[in-house]
Protein chains: 2
Amino acid sequence: MIRLEDVAKDSGFSRATVSRVINDESKVHPETAKLIKASMEKLGYRPNLIARALSSGRNNAVALLLPDVTTFYYTNLIRGAGDAAEDAHYHVITKSISKPNQAEELMNSNLVDGFIIRHSSFSERIDRLLKNCIKKKTPVVFIGKPFNEYTCPSIVVDNVGGARKMAHFFARNNYRRILFIGGRHDNLDSNDRKFGFRLGLQESGFPLQDLVEVEGDFSRERGYEIARTHLSDRSFDAVFAANDETAMGVLLYLNERSIRIPEEVSVAGFDDTFFAEYLWPPLTTIRQPMYDIGHIAMTQVLKMIGESSPNGNETILPTELIVRRSCKVQ
Amino acid sequence: MIRLEDVAKDSGFSRATVSRVINDESKVHPETAKLIKASMEKLGYRPNLIARALSSGRNNAVALLLPDVTTFYYTNLIRGAGDAAEDAHYHVITKSISKPNQAEELMNSNLVDGFIIRHSSFSERIDRLLKNCIKKKTPVVFIGKPFNEYTCPSIVVDNVGGARKMAHFFARNNYRRILFIGGRHDNLDSNDRKFGFRLGLQESGFPLQDLVEVEGDFSRERGYEIARTHLSDRSFDAVFAANDETAMGVLLYLNERSIRIPEEVSVAGFDDTFFAEYLWPPLTTIRQPMYDIGHIAMTQVLKMIGESSPNGNETILPTELIVRRSCKVQ
DNA sequence: GTGAAAGCGCTAACAG
DNA sequence: CTGTTAGCGCTTTCAC
């Protein structure tokens with residue numbers, strides 16, 4: 001391993017000067033810098049990031065805490081965050097919050113300069129993590145609806161607006177018997193989507209008492225199950241699932257039973273995940289900008305790390321209605 | 001921040017002893033350990049992992065380098081690796097190899113103790129990374145077919161065997177006009193699958209000259225495109241796509257054209273990704289144990305990190321035929 | 001503009 | 001079993 005000291009010896013300058021060349025060239029004579037750079041090049045010097053971190057207190061790493069890393073749902077978010085980090089030469093350590101020790105260990109071990117925390121429902125653990133961050137003045141950005149009590153920047157998508165658009169679309173096409181399949185009752189996204197959907201229906205003059213709402217869990221399996229119990233007798237002519245996965249399960253059931261989509265039942269989802277377009281029939285859904293969410297969140301923490309300013313604002317990202325063949329259009 | 005030294009002062013023992021309690025309690029008097037632990041608890045001490053890494057030379061982190069982190073294809077692999085790492089209190093830094101600087105920077109900056117590298121085709125960059133690892137004697141495990149020249153442990157799935165099973169299944173059901181859609185010509189997995197498929201057909205007495213093979217790129221879009229150019233005139237009664245995504249595109253095209261699956265065309269894929277079961281019709285495919293791949297690879301590097309033994313063997317994991325309704329069964 | 005020297009918080013010989 | 005003493009490789013005052 002080539003150390004800073006080796007470069008110093010080789011170039012004839014001190015470690016301090018070499019360090020300066022690496023970190024802030026402006027404070028060093030151009031000629032000196034040139035010589036030192038040549039030396040680094042010659043020896044193939046690479047800074048030891050661990051040593052730098054210990055010495056400087058900056059780790060050039062941020063943690064991205066997700067409910068579950070291992071789901072396709074967050075892939076674009078992760079990509080967005082990664083791209084933003086790369087530009088700043090930061091590393092991203094992605095962890096599932098579901099693994100309790102891991103996330104807290106990370107927080108206590110001085111491995112990262114900041115956190116991005118995604119949550120979809122209130123949880124003690126996340127609450128604790130967050131309090132911890134704030135206590136230590138560690139920069140943290142929320143992805144999702146912020147918990148009331150604290151102030152930290154948050155990035156949210158316009159769930160209400162998206163579902164509202166879907167409601168207007170449903171109403172415009174005269175769907176009469178509508179089934180809404182939500183996520184778990186404590187899922188904040190799902191609840192916002194439900195709220196927006198009801199709002200939109202109401203605005204369109206749809207009699208809300210005719211809307212049937214059931215609780216799901218955002219899974220394909222549950223979507224299938226609910227379709228089985230609610231759609232076999234053709235008592236609905238449209239279903240809005242609060243996420244695409246659930247809709248995927250619904251489509252499977254309907255296809256299995258040869259219930260024609262969208263002639264007999266229109267189906268819509270939320271997310272516009274990568275497979276939505278390739279389902280049969282292609283799924284009408286609400287697109288949310290996952291890549292941007294990740295990118296903006298990362299940009300935000302990096303800014304906070306740089307400036308150490310509190311900056312407690314909320315960024316709301318737009319959603320978009322994507323109409324495909326799973327919905328009957330008049 | 002509470003440091004080791006604070007615990008030492010508080011408990012009245014030396015830093016060394018406190019360190020021992022943390023790392024290898026066996027060498028310390030039980031009573032002493034108890035006192036020190038109480039002190040740590042009281043002060044809320046958390047080891048600074050950066051300092052530990054610099055001092056010990058071990059980082060308790062391994063890098064997982066994937067062609068593209070941000071695809072659902074690797075989610076289970078990532079999960080498997082993560083679970084294995086967690087048990088050993090290791091962190092995983094997951095990076096896309098496609099980002100050139102990132103991966104090499106990681107390798108040169110002493111941030112990780114070992115590497116897991118997944119590749120699906122030969123590339124200069126991976127070759128360079130690998131040579132680098134070997135030169136530095138950094139533990140590294142391959143996921144995929146090893147490049148000939150080097151020896152490092154590798155984990156591969158039985159692509160040949162899986163595709164062979166599919167061929168037998170095709171032959172058993174008397175498919176006569178078969179289309180094979182591969183990945184890119186240099187994709188090692190795809191080529192093994194093609195090889196196994198041909199092998200299996202041959203074994204079953206299928207006249208290989210009747211097999212039509214086209215090159216795809218593992219994408220849904222390309223699958224759709226190839227279906228459009230090859231399946232519109234019903235000149236095939238079965239297609240085997242070398243991955244599920246391609247099959248997904250094929251299904252979409254056939255459904256759009258109302259070509260009946262499997263009555264007119266049987267379709268099969270490879271991977272058994274999470275959506276395979278939920279496509280229409282549910283997709284016949286070959287399951288590969290992605291979770292296990294990640295878990296075994298991580299276990300393997302951790303072992304190498306512990307023992308610093310070379311250990312140049314190859315692990316081959318089995319694949320399994322999953323028959324679903326996209327294929328006509330006699 | 002450059003160098004000397006003091007750490008960052010921890011581990012790891014080496015003594016005792 | 002426990003303490004002393006050097007560092008790990010880098011950054012960062014503080015002088016010059």
Side-chain angles (χ1 to χ4, degrees), chain A residues 1-37 39-40 43-61 89 91 105 108-113 136 305, chain B residues 1-37 39-40 43-61 89 91 105 107-113 136 305-306:
Chain A
M1 151 173 284
I2 311 297
R3 291 156 310 152
L4 192 80
E5 174 148 23
D6 300 323
V7 178
K9 279 207 182 108
D10 182 78
S11 64
F13 291 90
S14 71
R15 275 149 58 208
T17 303
V18 176
S19 177
R20 284 187 193 104
V21 171
I22 296 166
N23 295 299
D24 185 7
E25 225 180 292
S26 69
K27 288 176 184 156
V28 83
H29 192 94
E31 190 59 29
T32 307
K34 209 170 106 187
L35 290 170
I36 290 178
K37 274 187 190 162
S39 222
M40 295 198 300
L43 300 175
Y45 170 72
R46 302 291 159 180
N48 179 321
L49 263 36
I50 295 283
R52 170 184 294 173
L54 180 59
S55 177
S56 69
R58 281 172 282 106
N59 301 65
N60 277 49
H89 291 280
H91 291 277
E105 198 173 285
N108 292 315
S109 55
N110 262 274
L111 228 43
V112 296
D113 301 322
K136 294 185 176 182
I305 290 169
Chain B
M1 151 172 283
I2 312 295
R3 292 156 310 151
L4 192 80
E5 173 148 25
D6 300 322
V7 178
K9 279 206 184 107
D10 182 77
S11 63
F13 291 91
S14 71
R15 276 153 53 211
T17 304
V18 177
S19 177
R20 282 186 197 107
V21 171
I22 296 166
N23 294 300
D24 185 6
E25 223 180 294
S26 67
K27 288 177 185 156
V28 82
H29 192 92
E31 191 59 27
T32 307
K34 211 171 107 185
L35 290 169
I36 290 179
K37 273 186 189 162
S39 222
M40 295 197 299
L43 300 175
Y45 170 73
R46 300 290 158 179
N48 180 320
L49 264 36
I50 295 284
R52 170 184 293 175
L54 180 58
S55 176
S56 69
R58 281 172 284 108
N59 300 64
N60 277 47
H89 290 277
H91 292 276
E105 201 174 283
M107 185 155 294
N108 292 317
S109 56
N110 263 277
L111 228 42
V112 296
D113 302 322
K136 293 183 175 183
I305 291 169

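Letters go in sequence order (proteins before strands), and every chain restarts at 1.
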Taking C-beta and beyond as the side chain, do [X] and [Y] meet within less than 4.5 Å on heavy atoms?
| X | Y | answer |
| --- | --- | --- |
| A/Leu111 | B/Ile50 | yes |
| A/Lys34 | A/Lys37 | no |
| A/Leu49 | A/Arg52 | yes |
| B/Val21 | B/Phe13 | no |

To the nearest Å, give me how far apart [atom1] ([X]) and [atom2] ([N]) are.
| X | N | atom1 | atom2 | value |
| --- | --- | --- | --- | --- |
| A/Arg3 | D/dG7 | CZ | C1' | 11 Å |
| B/Asn48 | C/dG9 | CG | P | 7 Å |
| B/Phe13 | D/dC1 | CZ | P | 13 Å |
| B/Asn60 | C/dT11 | CG | P | 10 Å |
| A/Leu35 | C/dG1 | CG | C1' | 14 Å |
| B/Glu5 | C/dC10 | CD | P | 9 Å |
| A/Leu49 | D/dG9 | CG | C1' | 11 Å |
| B/Asp113 | C/dT11 | CG | P | 14 Å |

For A/Lys136, look at atom NZ and say whether over 12 heavy atoms of other residues, nucleotides or ligands are found less than 6.0 Å away. yes
Sugar-phosphate, base or nothing in reach of A/Ser56, heavy atoms under 4.0 Å: sugar-phosphate
Base, sugar-phosphate or nothing for A/Asn23? Non-hydrogen atoms, less than 4.0 Å. sugar-phosphate
Spell out yes or no: do the side chain of [X] and the base of [N] have one donor N/O and one acceptor N/O closer than 3.5 Å?
| X | N | answer |
| --- | --- | --- |
| B/Arg15 | C/dT11 | yes |
| B/Arg20 | D/dG3 | yes |
| A/Thr17 | C/dG1 | no |

Show me the dot-bracket string of DNA chain D, counting Watson-Crick or G-U pairs under 3.5 Å, with | for pairs to another strand and [ ] for crossing ones. ||||||||||||||||
Any A/Arg52 side-chain N or O less than 4.0 Å from OP1/OP2 of D/dT12: no
Counting only side-chain nitrogens and oxygens, does B/Ser19 get under 4.0 Å of the OP1 or OP2 atom of C/dC10? no
Check this for me, if you would: do A/Asp6 and A/Lys9 make a salt bridge, where the nitrogen-to-carboxylate-oxygen distance has to be below 4.0 angstrom?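 Salt bridge: no.
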Contact nearer the 5' end of DNA chain D, comparing B/Thr32 with B/Ser55: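 Its nucleotide being nearer the 5' end, the pick is B/Thr32.
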[X] side-chain proximity, nearest of [options]:
| X | options | result |
| --- | --- | --- |
| A/Tyr45 | D/dC8, D/dC10, D/dT12 | D/dC10 |
| B/Arg58 | D/dT11, C/dG9, C/dA12 | C/dA12 |
| B/His29 | D/dT2, C/dG3, C/dC10 | D/dT2 |

Where is the tightest heavy-atom contact between A/Tyr45 and A/Ile2, given as atom of each residue plus distance? CD1-O, 3.4 Å
Between B/Ala33 and B/Val28, which heavy-atom pair has the shortest distance, and what is it? CB-CG1, 3.7 Å
